[in-house]
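In what follows, every heavy atom counts, from backbone to side chain, and hydrogens, waters and symmetry copies are set aside.
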Amino acid sequence: CGDGGIGGITARGRAPQAGPKGEIMLSHLRYFKYQALNSFWFTPSLMWLFALFMAGMTLWADHAGLGAAFLSPLPFFDVDADGARAILSTIAGSLITVTSLVFSLTLVTLTMASSQLGPRLIGKFISDRLVQFTLGSYVSTFSYALIVLRSVAGGEEAFVPVLSLHFAILGTLFCFGLLIAFIHHVAIIIQADWVIFSVADDLLDAMPRAFPEEKSDEESRSAARAKEESTLKALSDLAPLPVKAEKSGYVQTLSPGPLAELAEKRDSFIRLLYRPGHYIVAGSTIAYGGPAIEEGDHEKIRAALVLGPKRSAAQDIEFAVTALVEIALRALSPGINDPRTAIACIDWLTAAAARAMQGEAPPALLCDKENTPRLWRDIVSFEGFIDCAFNEIRQAARDNVAVTLRLIESITRLGEFIRTDEHWQVLSAQANKIESSLETYFAESSDTDDLLQRLSELRKSLEAARPAHKHLT
């Protein structure tokens, strides 16, 4: 069981920081934050609002005479009303033209590149901080110039906002310098190696959350599995009540704490059938509750699952895995035929698998402080992670010697990180699947002999790394 906490169930013994409603609200807020920071509107909008504020502040300083007092005595800063209008009009017109042209051409380029690397390239472009900052800078400077232009007056009551005008000039110079950095950055991010590294970096950052470094012995793991099985059997014997979904969508985030506290309050048990990344159909069963779970509690159970229109990396560890797999599958397609890109994906997936083997998946069964089972949740196991990472690539590369060799090499490398029987069984199963397809898909005997030799070396390394063998030696 997962460790209990004061007042309810928590993961890995951490005391809850908020009540059930507070944790659900925080879960929704975290998802909104993730959506906002990875959108094209949030950062540029904040920069636009800041530009409006700065326009007000600099115009106030100009009306107070501060700008003229400091800048007008200098020859370079002596500008009349007509000159100020011309400068500001040029700034506004050039910025909006450059913005529309550059971003239109960039999106066309990314759309063409995404046909090879997958549609997630567009998502990475949208969430890129430099891209967001560039768009925000251009829109903000354009809006700033328009507001300052509106305040310029000629005639007897002439008013030239000297300070605001030169802030607009500095902003424009900065924007055109930023344009050079932006074009260079876009040329980098559409390259396959960069896209693979970017997705893999997100995956490696998420691994400590999916497989925390808390290692237990084999006896404890076996006891935990036995308790999970007995608890689920006991729940089925009690004729559990199904909880139905009211709408369809992908699970974005899940808050297990409030559900476990609800089950503890009712002295009952809840079994969740879905995890982040799964698709829920309206009207389908999303959870089962014990007989003590009331009808009014169903809405609380539904509220713990945040649904969205597409999968996201908010809590879905498999999202980045499938992104790398998709790039590899496209690279192996007959239309592209780029095995080197597929091999790069395998290498980064191997690094993520090695990190998973250094930790453990969190417990599926959560208990209260009395060690009474309260919640069962679906989690990503090590076996599920490896299958998600390698199965589709192995199937697509059945007739590709280079990619199959790299798969064998990757499993051999992972043998060094074997700590549990599960690790050994999962990697051995992958070796068996590769071996079963060799004679069928590889006609050249030299290729088959080379692959069989590598498989033989893999078998030896796995046998040497088997936990029981290590114990005996």
Side-chain angles (χ1 to χ4, degrees), residues 1-31 209-212 214 216 220-246 251-276 278 280 284-307 314-315 360-381:
C1 280
D3 295 334
I6 299 175
I9 291 78
T10 59
R12 301 291 183 185
R14 292 189 297 270
Q17 301 299 316
K21 292 184 178 179
E23 186 172 339
I24 292 176
M25 180 62 69
L26 287 175
S27 179
H28 283 261
L29 289 176
R30 282 193 292 267
Y31 176 61
R209 297 190 296 273
F211 296 90
E214 296 191 18
S216 57
S220 300
R221 288 189 290 269
S222 300
R225 286 192 293 268
K227 188 165 188 176
E228 289 179 16
E229 294 173 0
S230 63
T231 301
L232 294 178
K233 184 178 184 304
L235 178 64
S236 61
D237 294 340
L238 293 174
L241 303 176
V243 180
K244 302 292 185 178
E246 292 185 341
V251 180
Q252 307 293 319
T253 61
L254 171 65
S255 303
L259 298 180
E261 291 187 23
L262 173 63
E264 182 183 25
K265 180 180 179 182
R266 301 286 187 241
D267 192 20
S268 187
F269 183 80
I270 297 174
R271 179 187 180 184
L272 288 174
L273 303 182
Y274 295 90
R275 65 170 183 260
H278 284 176
I280 292 178
S284 63
T285 302
I286 60 174
Y288 287 103
I293 299 296
E294 303 173 359
E295 189 72 26
D297 295 329
H298 289 195
E299 183 59 36
K300 299 177 182 178
I301 296 175
R302 285 189 285 265
L305 284 79
V306 179
L307 303 185
Q315 286 186 0
E360 291 181 5
L365 188 64
L366 299 184
C367 303
D368 60 17
K369 56 189 176 182
E370 303 298 332
N371 206 32
T372 302
R374 295 302 181 188
L375 175 70
W376 186 90
R377 54 182 177 169
D378 190 14
I379 61 170
V380 178
S381 64

Closest contact, heavy atoms only, Ala210 versus Pro362: O-CD, 3.1 Å

Which pair of heavy atoms, one from Arg374 and one from Ala263, lies closest together, and at what distance? O-CB, 3.4 Å

Non-hydrogen side-chain atoms of Leu375 and Leu365 separated by less than 4.5 Å: no

Restricting to non-hydrogen atoms, name the atom on Val380 and the atom on Phe211 that form the minimum distance, rounded to 0.1 Å. O-CZ, 3.8 Å

Between Phe269 and Ile293, the two heavy atoms sitting closest are O-CG1, 4.3 Å

Contact summary for Leu273 and Tyr288, nearest pair of heavy atoms: CD1-CE1, 3.7 Å

Mind checking side-chain contact (heavy atoms from CB on, under 4.5 Å) for Ser381 and listing every partner two or more places apart, or none if nothing turns up? Glu383, Glu422

What verdict does the side-chain contact (heavy atoms from CB on, under 4.5 Å) test give for Val243 and Thr285, after you've listed the backbone C-alpha separation in whole Å, the side-chain angles of each residue and the deciding distance to 0.1 Å? CA-CA 5 Å; Val243 180; Thr285 302; 5.7 Å; no

Glu370 vs Glu264, test: side-chain contact (heavy atoms from CB on, under 4.5 Å). Steps then yes/no. CA-CA 10 Å; Glu370 303 298 332; Glu264 182 183 25; 6.0 Å; no

Closest approach of Pro242 and His298, non-hydrogen atoms and distance? O-CE1, 3.5 Å

Please assess Asp378 against Leu272 for the test side-chain contact (heavy atoms from CB on, under 4.5 Å), listing each intermediate value before the final yes or no. CA-CA 7 Å; Asp378 190 14; Leu272 288 174; over 6 Å; no

Is any NZ, NE, NH1 or NH2 atom of the basic residue among Asp297 and Arg302 found under 4.0 Å from an Asp or Glu carboxylate oxygen of the other? no

